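Every value quoted in this text rests on a predicted model; they were computed, and no experiment measured them.
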Amino acid sequence: MLGSTVACQHCQAEFIANGMEGEKSQVDENCRLMARVEKALQKSSAQSASTTIA
């Protein structure tokens with residue numbers, strides 16, 4: 001959940017979950033990786049849909 005917006009269970013205040021200072025670069029790297037994965041999944045879905053239609 002690091003790097004995600006989360007809400008406090010008690011007051012419902014929203015904040016971005018983060019770890020210790022040294023972990024920030026790992027969170028950034030993970031976010032970039034997840035963005036690449038999401039893009040690949042979208043591309044795969046689009047190709048699958050066009051193959052199904054054809």
Side-chain angles (χ1 to χ4, degrees):
M1 297 195 61
L2 293 176
S4 301
T5 300
V6 295
C8 173
Q9 293 179 355
H10 301 285
C11 68
Q12 303 306 316
E14 292 185 352
F15 60 94
I16 297 176
N18 58 23
M20 296 181 192
E21 292 299 316
E23 295 178 6
K24 182 160 178 55
S25 62
Q26 184 65 42
V27 171
D28 292 340
E29 185 177 331
N30 290 345
C31 288
R32 284 191 297 271
L33 176 61
M34 291 307 294
R36 288 176 50 205
V37 168
E38 183 65 30
K39 208 172 185 182
L41 286 171
Q42 289 173 352
K43 184 177 179 180
S44 175
S45 292
Q47 288 176 345
S48 178
S50 67
T51 302
T52 305
I53 294 171

Trace of the side-chain contact (heavy atoms from CB on, under 4.5 Å) decision for K39 with K43: CA-CA 6 Å; K39 208 172 185 182; K43 184 177 179 180; over 6 Å; no
Gap separating the SG atom of C31 from the CD atom of E38, nearest 0.5 angstrom: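 Here the interatomic distance stands at 13.0 Å.
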So how far is it from L41 CG to M34 CE, rounded to the nearest 0.5 Å?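 Answer rounded to 0.5 Å: 8.5 Å.
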With sequence neighbours excluded, tell me which residues meet side chain to side chain contact (heavy atoms under 4.5 Å, CB included) with E14.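 Testing E14 for side chain to side chain contact (heavy atoms under 4.5 Å, CB included), a comparison that skips the adjacent residues, returns T5, A7.
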Treating S44 as the side-chain partner and A40 as the backbone partner, does any N or O pair qualify as donor plus acceptor under 3.5 Å?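 No, S44 side chain to A40 backbone: no donor-acceptor pair under 3.5 Å.
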Which other residues belong to the hydrophobic cluster containing I16, where Ile, Leu, Val, Met, Phe, Trp and Tyr are joined when side-chain heavy atoms lie under 4.5 Å apart, directly or via other members?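 Answer for I16: none, a lone residue.
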